[in-house]
Amino acid sequence: MAVAEKIGQYKKENDITILQTNRWNEVLERALRQGQSVGLTPEFVEQYLAAVHLESIAHQSRVMES
Ligand SMILES: O=C(O)C(=O)C[C@]1(C(=O)O)C=C[C@@H](O)C=C1
């Protein structure tokens, strides 16, 4: 999560909100396409990435509040 913390620091310094809906949709759609190409179900990709996204947001929140 070191990268997420760097992103959090950048967002803090530039007054950017943690949740970026358009960016998140881009990340998710790319992962769904890549997952499909190697036989992963959309449900698995969505659940896996949702967990990563949640953890990333938690780390960014800690940086924001520090
Ligand atoms: O790309 C960003 O802006 C991030 O902060 C990364 C990330 C992610 O973990 O993929 C986290 C929060 C945003 O909602 C979108 C994407």
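We count ligands from 1, going down the list as the structure has it; atoms in each ligand are counted the same way.
Scanning all protein heavy atoms for the shortest distance to atom 14 (O) of ligand 1 gives H53 NE2, 2.8 Å. Atom 1 (O) of ligand 1 has its closest protein heavy atom at R23 NE, 2.8 Å. Looking only at heavy atoms of the protein, atom 9 (O) of ligand 1 is closest to S56 OG, 3.0 Å.
Within the 4.0 Å heavy-atom shell around ligand 1 one does not find L49.
When non-hydrogen atoms are compared, ligand 1 lies under 4.0 Å from the side chain of I7 (C-beta onward) but not from its backbone. Contacts between I18 and ligand 1 below 4.0 angstrom, taking non-hydrogen atoms only, involve the backbone exclusively.
The distance from atom OG1 of T21 to atom CG of L28, rounded to the nearest 0.5 Å, is 12.0 Å. I18 CD1 to M64 CE: the interatomic distance, rounded to the nearest 0.5 Å, is 4.5 Å. One finds the CZ atom of R33 at 7.0 Å from the CD atom of E29 (value rounded to the nearest 0.5 Å). Taking CZ from R30 and CG from L32, the interatomic distance works out to 11.0 Å, rounded to the nearest 0.5 Å.
Ligand 1 places these atoms under 4.0 Å from at least one heavy atom of K11: 2 (C), 3 (O), 4 (C), 5 (O). The ligand atoms of ligand 1 that sit less than 4.0 angstrom from a heavy atom of L19 are 14 (O).
Side-chain atoms of Q9 and K6, non-hydrogen and from C-beta on, never get closer than 4.5 Å to each other. Within the 4.5 Å cutoff, side-chain heavy atoms of H53 are placed close to those of L19.
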